[in-house]
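As a basis for the values below, the full set of heavy atoms in this structure was taken, side chains included, without hydrogen atoms, waters or symmetry mates. Computed from a predicted structure; not experimentally measured. Letters A, B, ... are given to chains in the order of the sequence lines, protein chains preceding strands, and every chain is numbered from 1.
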Number of protein chains: 2
Amino acid sequence: MRNTQQRRIILKKLKKHKDHPGADVIYSEVRKELPNISLGTVYRNLEMLSEKGTILKLEFGSNQKRFDPCPEAHPHFRCLSCGRIEDIPGGMELPPVEEKTWSKGKKITGYNLEFTGYCKKCSKNLK
Amino acid sequence: MRNTQQRRIILKKLKKHKDHPGADVIYSEVRKELPNISLGTVYRNLEMLSEKGTILKLEFGSNQKRFDPCPEAHPHFRCLSCGRIEDIPGGMELPPVEEKTWSKGKKITGYNLEFTGYCKKCSKNLK
DNA sequence: CTGAATGCAAAGCCTTTGCATACGG
DNA sequence: CCGTATGCAAAGGCTTTGCATTCAG
């Protein structure tokens, strides 16, 4: 994997995010430093980085894929109103899956867990 | 909400599924009984039914939305190789979220949990 | 009757891909 | 040098939507 300028800056921008941006957000931010970068390159790099395990690709109930600079699987919270995605701190432990009967014969490699609801701001506006 | 022939048959077809079909699968099955139904109608109905809480819309890491005739949130297993989605039996209980600090100020309405890996068949082929 | 639901087709959104060119190691 | 990565633009997959028409209640 080559260490290109594009890849370096994409990763740098992603790492600054606490929210979990989509490719479009990363694209427009990287464009400030590399005005000629193409959206395709952003997609290719985010994909590649998540395959290598450097970042995490989130594919939850949003029509857009989001990216997380932290590569370890961890739970998220998604606001159904504004779409905001937050990390849930403090590794929430899941029941061990290996010994469960449903997992017999399967090879479990990971999990995705998200809680849905309304964030602080949005739950105020709901009332 | 009107009780149209289309809606009735869409629901009937979905209920026969143990796997979790996408709109396209439902469409082609309903077409056998209603050759003139349109894909748009299938989408509109599946959407409507999931909003009413009759069925469940699954939006996990697949580019396609899948539907589950069982309306209660429950964990799933998704095969990374063949895309198959299975229910995980026996309500896997999650840690209660209400008292957690991260949920302060939020209104939590649900969760999505899926395990990923390789199903029986695919894990054999992998070796 | 009347508004909710349908069929049709076009448009939308996000993402992927083919290809010639550029550039990192 | 060589092959990976890029930029560009077009195509792709799934889903949504506008509009005239139909049909359930």
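Following rounding to the nearest Å, B:N63 (CG) and C:dG12 (P) show an atom-to-atom distance of 22 Å. One atom, CD1 of A:I9, and another, C1' of D:dA5, lie 15 Å apart when rounded to the nearest Å. Distance, A:L39 CG to D:dA11 P: 17 Å, rounded to whole Å. Distance A:L34 CG to C:dA22 P: 17 Å, rounded to the nearest Å. As rounded to whole Å, 15 Å separates atom C1' of C:dT15 from atom CE of A:M48. When rounded to the nearest whole Å, the span between CD of A:Q64 and P of C:dT16 equals 12 Å. In this structure, B:E59 atom CD and D:dT16 atom C1' are separated by 14 Å, rounded to whole Å. In this structure, the CG atom of B:N36 is 14 Å from the C1' atom of D:dT21, given to the nearest Å.
The only member of B:H17, B:H76, B:K57 that meets side chain to side chain donor-acceptor pair (under 3.5 Å) when paired with B:D68 is B:H76. Among the candidates B:I55, B:L58, B:L56, the single residue satisfying the side chain to side chain contact (heavy atoms under 4.5 Å, CB included) test with B:S50 is B:I55.
Comparing D:dT6, C:dC8, D:dT15 by their nearest atom to the side chain of B:A23 picks out D:dT15. Looking at the side chain of B:M1, the nearest of the listed nucleotides D:dT6, C:dT6, C:dA5 is C:dA5. Proximity note for B:E47 (side chain, C-beta onward) versus C:dT6, C:dT16, D:dT16: the nearest is D:dT16. Nearest to the side-chain atoms of B:K65 among the listed nucleotides D:dC8, C:dT15, D:dT16 stands D:dT16. The side chain of B:S38 approaches C:dG7 more closely than any other nucleotide in the set C:dT6, C:dG7, D:dG7. The side chain of B:Y43 sits closest to D:dT16 out of C:dC14, D:dT16, C:dT6.
An OP1 or OP2 oxygen of D:dT6 is reached within less than 4.0 angstrom by a side-chain nitrogen or oxygen of A:T4. In this structure, A:Q6 reaches the D:dG7 phosphate: one of its side-chain N or O atoms is under 4.0 Å from OP1 or OP2.
Nucleic acid contact for B:I37: sugar-phosphate only, since backbone atoms but no base atoms lie under 4.0 Å from a heavy atom of the residue. Backbone-only contact: A:N3 has heavy atoms under 4.0 Å from sugar-phosphate atoms and none from a base. No contact: B:D24 has no heavy atom under 4.0 Å from any strand.
Using a distance-only test at 3.5 Å, with no hydrogens or angles considered, no donor-acceptor pair links the side chain of B:T109 to the main chain of A:Y118.
Residue side chain B:R44 reaches the base of C:dG7 through a donor-acceptor N/O pair under 3.5 Å, judged by distance alone.
B:F77 and A:W102 have tilted rings, their planes meeting at an angle from 30° to 60° on a 0 to 90° scale. Taking the six-membered ring where the residue is Trp, B:H74 and B:H20 present tilted rings, their angle falling between 30° and 60°.
Along DNA chain D, the nucleotide nearest to A:P35 and the one nearest to B:G22 differ in position, and the one closer to the 5' end is contacted by A:P35. Both B:R7 and B:G40 sit near DNA chain C, but only B:R7 has its closest nucleotide nearer the 5' end.
Taking 4.0 Å as the cut-off between side-chain N and carboxylate O, B:K13 and B:E29 do not count as a salt-bridged pair.
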